[in-house]
*Asks:* 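Right, I'll just put the structure down here and ask away after.
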Amino acid sequence: MEQKKPRTTSKSTAKKTTPRRTKKQQGDIIFALDIGTRTVVGVLAEKTADGYKLIDMETRAHESRSMTDGQIEDIEAVAAVVKSVKSALERRQLIKLQRVCIAAAGRALRTLRHSCAHDVSSKRVISAGDIREAELEAVRSAEEAFTEENSTSSFYCVGHSVISLTLDGYKVSKPEGHRGNELVTEVIAAFLPAYVVESLCAAVDLAGLETAGLTLEPIAAINAVVPKELRLINIVMCDIGAGTSDVAASRDGSITAYGMATIAGDEMTEALMKQLLVDFNEAERIKTCTEPQTEYTDILFAKHTITAEQVSELIRPAAEELAQTICSEILSANGGAPQAVFLVGGGSKLSGLPELVAKGLGLDASRVAVGSREMIRGITAPKNIQLDTEHATPVGIAITASEGVKYDFTTITLNGRKIRALDTRRLTVFELCTLAGIKPEQLMARSGKSLTYTADGERIVLRGTPSVPAEMSLNGRECSVNSQVRKGDEVVIVPAVPGEDAAALISDQYDLSGMSVIEVNVNGRSLTAGKYILVNGTPTAADAEIENGAVLQHVRLATFGELAAHEGIPAESALLNGSPATAEQLLSDGDVVTSAEETKAGPAADESEGIPIVFNGTPAVFPITNGRQPVFLDILAAFSDDPTGLLAGSSTVMINGRLARLDEVIRPGDDIVIE
């Protein structure tokens with residue numbers, strides 16, 4: 001009998017598992033991004049004993065013109081390119097990238113040269129930490145001085161260089177190990193508008209990265225091209241990109257100036273666009289073609305062939321303009337022609353440009369060096385990475401990130417929104433609000449304005465409502481505008497509510513029902529009658545808002561008796577429209593009132609002398625002008641340029657022992673009191 005063999009599992013049918021490769025952490029690897037006008041270049045590097053080693057590099061072009069002159073126009077589009085660069089590097093190097101160093105550029109670059117003294121008298125000897133502290137103090141002081149001069153706009157300090165160090169009045173190149181009392185640090189600081197920096201950081205945020213450091217593009221480029229040992233020579237570096245041409249100057253061992261021109265390689269491309277009738281991408285391809293000739297199709301679908309010589313001729317006017325602008329920026333930043341010029345960046349490869357720059361600066365052509373791989377010093381790269389002159393800035397960003405004083409971001413949360421500030425600043429809550437666009441009146445609102453007016457001689461003051469003060473908390477505790485904030489703090493601000501101004505209508509003061517303004521004739525004179533309100537001498541029966549300082553008076557001349565009493569006419573002997581009338585009879589517009597004995601109203605005034613009156617207890621004669629009978633308002637005008645103001649400030653306004661009306665006729669013997 002055949003014995004059964006035990007069942008076995010074939011190795012070929014067993015499930016195979018491939019070990020999953022996990023990504024390593026970023027650690028000390030430097031990730032630098034050059035977010036340029038035409039491309040985004042990502043660099044991975046690490047510091048070595050004798051310099052830097054380039055690990056990997058990735059370049060991606062913007063799919064649209066999402067940047068102009070080094071400034072971001074479309075944050076989302078730029079973030080997408082940054083994310084693709086990050087992903088490519090992570091995939092090849094099996095690394096998880098979280099932190100990145102960037103550089104800023106822009107057409108609004110401003111610089112400030114500034115000195116600051118630092119007390120070192122308590123130090124046994126000056127240490128490297130003391131020198132760094134003095135440097136940071138100088139940068140903070142420069143930023144405060146710049147902010148004071150530019151208080152209407154928000155700027156970030158995006159880079160600086162130490163120009164000189166002076167110990168107790170003597171210049172020293174290396175104070176470390178020395179003793180002294182006062183160390184003066186002179187720096188040149190560079191500033192860009194906050195929105196330029198914020199847009200860069202916003203693109204980095206959207207790409208899932210944390211901005212770990214910031215510098216200025218010309219600072220980065222010169223750190224890669226002009227090492228410290230060459231800075232005794234007056235050298236100017238010009239990094240010509242697509243949107244900007246960045247300038248940095250060195251002399252006497254320091255970087256002494258920065259500059260930025262908003263003309264670069266894109267101007268050449270745009271010149272080809274206009275002359276060849278092609279779109280931007282096609283013009284860029286034609287410009288950068290290294291072949292003797294190339295074919296292209298214009299926007300009218302016509303095919304053409306153009307030689308490299310023809311391309312050079314077409315862009316020559318733009319190239320001459322570029323050279324002229326670069327020379328002007330170099331002369332301005334350096335204060336004159338330098339001893340030598342290094343041209344780097346993709347634009348430095350433009351045919352004939354070095355000769356044009358040399359001519360514009362009055363230098364021998366040999367003193368203007370064209371960009372090359374050899375210019376990027378102190379870094380080694382694998383053979384499979386093509387490192388060239390256009391990589392000066394991204395390599396320089398990596399170098400700058402690990403040397404000297406860089407700018408780390410302090411991220412603070414304000415009302416749920418992350419606000420970035422550079423750690424060079426000692427921020428208060430008030431300064432944080434300025435960065436966030438919160439206006440001072442939102443923090444310290446005013447109470448509502450009062451309304452003051454006079455009604456029938458009584459001074460009335462209505463108060464505005466009080467403001468509701470702002471509520472401020474720092475990490476859950478109550479704080480003030482002067483409280484200092486630090487990295488990671490959470491600030492909550494409930495804006496102040498301003499008080500409402502006091503307001504009132506005429507109807508709030510008087511019952512306007514049945515009021516009207518009419519005109520009557522009294523003994524040949526036109527007179528305003530009816531039931532109305534005098535507002536600063538003008539009669540009205542309509543409702544309106546009372547203005548500050550207004551003088552109101554309720555007038556009742558609606559009946560025949562009230563008018564007769566006002567005019568001092570005996571009602572029993574007067575006539576209304578030629579007939580006798582009762583005192584209660586209501587007046588109508590156009591009525592005529594005549595006095596049977598006009599002389600009873602008092603002796604006629606001698607117009608040559610005026611009307612005798614008593615004013616505040618003193619006899620006086622009030623003159624008659626233009627033959628017109630004066631009214632009470634004329635008395636006020638005679639004593640003040642501001643009659644309504646005089647009334648508003650007076651507690652007593654009387655005529656013959658009763659409250660005076662502004663339109664009341666002045667008669668001989670009237671006793672007037674205004675106090």
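Computed from a predicted structure; not experimentally measured. Numbers here simply count residues along the sequence, with the first being 1.
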*Asks:* Between the side chains of T305 and Y296, is a donor N or O closer than 3.5 angstrom to an acceptor N or O?
*Replies:*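 The criterion, which ignores hydrogens and geometry beyond distance, is not satisfied for Y296 and T305.
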*Asks:* Would you say that N223 contacts I255 through its side chain, given a criterion of any heavy-atom pair below 4.5 Å between the two side chains?
*Replies:*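 Result yes, sub-4.5 Å side-chain heavy-atom pair found.
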*Asks:* One pair to check against side chain to side chain contact (heavy atoms under 4.5 Å, CB included): M57 and V41. What are the steps and the verdict?
*Replies:* CA-CA 7 Å; M57 184 166 61; V41 181; 3.9 Å; yes
*Asks:* Any side-chain heavy atom of D266 sitting closer than 4.5 Å to one from T37?
*Replies:*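 A side-chain contact exists here, since the closest heavy-atom pair is under 4.5 Å.
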*Asks:* Kindly say whether G416 contributes a backbone atom to a donor-acceptor pair with the side chain of T413 at under 3.5 angstrom?
*Replies:*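 No, because the side chain of T413 does not come within donor-acceptor range (under 3.5 Å) of the backbone of G416.
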*Asks:* Does the pair I95 and I29 meet the rule for a side chain to side chain contact (heavy atoms under 4.5 Å, CB included), with working shown?
*Replies:* CA-CA 10 Å; I95 189 171; I29 293 176; 3.5 Å; yes
*Asks:* For the residue pair Q293 and I306, establish whether any side-chain heavy-atom pair is separated by less than 4.5 Å.
*Replies:*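 Q293 does not reach I306 side chain to side chain.
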*Asks:* Taking side chain as C-beta onward, heavy atoms only, is R113 less than 4.5 Å from I163?
*Replies:*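 R113 vs I163: side chains touch.
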*Asks:* In this structure, are over 12 heavy atoms from other groups packed under 6.0 Å from R316 atom CZ?
*Replies:*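 No, the 6.0 Å shell around CZ holds no more than 12 heavy atoms from other groups.
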*Asks:* Give a yes or no on whether R367 atom CZ has more than 12 heavy-atom contacts from other residues, nucleotides or ligands under 6.0 Å away.
*Replies:*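 At most 12 heavy atoms, drawn from other residues, nucleotides or ligands, come within 6.0 Å of this atom.
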*Asks:* From the options V247, D246, T111, select the one residue that forms a side-chain contact (heavy atoms from CB on, under 4.5 Å) with Y258.
*Replies:*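 Single pass found, and it is T111.
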*Asks:* Where do F31 and Q26 land on the side chain to side chain contact (heavy atoms under 4.5 Å, CB included) test, with the steps shown first?
*Replies:* CA-CA 9 Å; F31 179 27; Q26 184 174 343; 3.7 Å; yes
*Asks:* Apply side chain to side chain contact (heavy atoms under 4.5 Å, CB included) to residues V43 and D56 and explain how you reach the verdict.
*Replies:* CA-CA 6 Å; V43 165; D56 203 348; over 6 Å; no
*Asks:* Give the ring-plane orientation class for F155 versus F146, where under 30° counts as parallel, over 60° as perpendicular and anything between as tilted.
*Replies:*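 Rings of F155 and F146: perpendicular, as their planes differ by over 60°.
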*Asks:* Would a distance-only check, ignoring hydrogens and angles, find a side-chain to backbone donor-acceptor pair under 3.5 Å from Q93 to E90?
*Replies:*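 No: the side chain of Q93 does not pair with the backbone of E90.
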*Asks:* Strictly distance-based, threshold 3.5 Å: is any side-chain N or O of N334 a donor or acceptor partner for the main-chain N or O of I330?
*Replies:*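 Answer holds: no.
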*Asks:* Please indicate whether K83 has more than 12 foreign heavy atoms, meaning atoms of other residues, nucleotides or ligands, lying under 6.0 Å from its NZ.
*Replies:*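 For K83, atom NZ is not crowded (no more than 12 foreign heavy atoms under 6.0 Å).
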*Asks:* With no hydrogens and no angle check, is any side-chain donor or acceptor of Q442 less than 3.5 Å from a backbone partner on K439?
*Replies:*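 Side chain of Q442 to backbone of K439: a pair is present.
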*Asks:* Is any side-chain heavy atom of L33 closer than 4.5 Å to a side-chain heavy atom of V85?
*Replies:*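 The answer is yes, as the side chains (C-beta and beyond) meet within the 4.5 Å cut-off.
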*Asks:* Report, as yes or no, whether the 6.0 Å neighbourhood of atom CG on D28 holds more than 12 heavy atoms from other residues, nucleotides or ligands.
*Replies:*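 Result for CG/D28: open.
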*Asks:* Give a yes or no on whether Q275 atom CD has more than 12 heavy-atom contacts from other residues, nucleotides or ligands under 6.0 Å away.
*Replies:*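 Check passes, neighbour count above 12.
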*Asks:* Any luck finding a side-chain donor-acceptor pair between S141 and H114 under 3.5 Å?
*Replies:*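 Per modelled atom types, S141 and H114 side chains form a pair under 3.5 Å.
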*Asks:* Taking S245 for the side chain and G241 for the main chain, is one N or O donor matched with an acceptor at less than 3.5 Å?
*Replies:*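 Checking the backbone N and O of G241 against the side chain of S245, no donor-acceptor pair under 3.5 Å is found.
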*Asks:* Using modelled atom types only, decide if a donor and an acceptor are shared between the side chain of Q310 and the backbone of T307 within a distance under 3.5 Å.
*Replies:*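 Between the backbone of T307 and the side chain of Q310 there is a qualifying donor-acceptor contact (under 3.5 Å).
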*Asks:* To check you understand the geometry: which heavy-atom pair defines the closest contact between L272 and A283, and what is its length?
*Replies:*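 Smallest heavy-atom distance, with atoms named: CD1-O, 3.7 Å.
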*Asks:* Grab the two heavy atoms, one from L363 and one from P338, that are nearest each other, plus how far apart they are.
*Replies:*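 Result for this residue pair: CD2-O, 3.4 Å.
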*Asks:* Is the backbone N or O of I412 less than 3.5 Å from a side-chain atom of D489, with the two atoms forming a donor-acceptor pair by type?
*Replies:*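 Between the backbone of I412 and the side chain of D489 there is no qualifying donor-acceptor contact (under 3.5 Å).
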*Asks:* Would you please say whether a donor-acceptor pair under 3.5 Å links the side chains of T269 and K287?
*Replies:*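 Yes, K287 and T269 have a side-chain donor paired with an acceptor closer than 3.5 Å.
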*Asks:* Please tell me if the side chains of R231 and I235 come closer than 4.5 Å, counting only heavy atoms from C-beta onward.
*Replies:*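 A side-chain contact under 4.5 Å is absent here.
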*Asks:* Taking everything shown except E63 itself, do over 12 heavy atoms lie less than 6.0 Å from its CD?
*Replies:*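 For E63, atom CD is not crowded (no more than 12 foreign heavy atoms under 6.0 Å).
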*Asks:* Do T185 and E135 have side-chain N/O donor and acceptor atoms under 3.5 Å apart?
*Replies:*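 Judged by distance alone, the side chains do not pair up.
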*Asks:* Closest heavy-atom contact between V82 and A207?
*Replies:*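 Scanning both residues, the minimum pair turns out to be CG1-CB, 3.6 Å.
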*Asks:* Has the side chain of T389 got a donor or acceptor atom that lies under 3.5 Å from a matching backbone atom of G345?
*Replies:*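 Confirmed, T389 side chain pairs with G345 backbone.
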*Asks:* Any side-chain heavy-atom pair from D34 and E217 closer than 4.5 angstrom?
*Replies:*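 D34 vs E217: side chains touch.
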*Asks:* Would a 4.5 Å heavy-atom cut-off, applied to side chains only, mark T380 and L54 as touching?
*Replies:*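 Not in contact.
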*Asks:* When you measure from the side chain of E186 to the backbone of S115, do you find a donor-acceptor pair of N or O atoms at a distance under 3.5 Å?
*Replies:*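 Side chain of E186 to backbone of S115: no pair is present.
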*Asks:* Minimum heavy-atom separation for A398 and A32, please, with both atom names.
*Replies:*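 A398 and A32 have their closest heavy atoms at N-CB, 3.7 Å.
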*Asks:* Any idea which heavy atoms bring K349 and E390 closest together, and the distance?
*Replies:*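 Smallest heavy-atom distance, with atoms named: NZ-OE1, 3.1 Å.
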*Asks:* Determine yes or no for a side-chain-to-main-chain donor-acceptor pair under 3.5 angstrom, with S328 supplying the side chain and Q324 the backbone.
*Replies:*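 Side chain of S328 to backbone of Q324: no pair is present.
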*Asks:* Is a donor from one side chain sitting under 3.5 angstrom from an acceptor on the other, for T294 and R285?
*Replies:*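 R285 and T294 do have a side-chain donor-acceptor pair below 3.5 Å.
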*Asks:* Return the SG to CD1 distance between C238 and I326, rounded to the nearest 0.5 Å.
*Replies:*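 Reported to 0.5 Å precision, the distance equals 4.0 Å.
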*Asks:* If you round to the nearest 0.5 Å, how far is CD1 of I222 from CE of M237?
*Replies:*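 M237 CE to I222 CD1: 5.5 Å, rounded to 0.5 Å.
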*Asks:* For D239 and T393, does a side-chain donor sit closer than 3.5 Å to a side-chain acceptor?
*Replies:*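 There is such a pair (donor and acceptor under 3.5 Å, judged by atom type) between the side chains of D239 and T393.
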*Asks:* At their closest point, which heavy atom of L343 faces which heavy atom of P354, and how far apart are they?
*Replies:*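 That would be CD1-CA, 4.0 Å.
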*Asks:* Counting only heavy atoms from other residues, nucleotides and ligands, does the tally under 6.0 Å from CD of E313 exceed 12?
*Replies:*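 Open.
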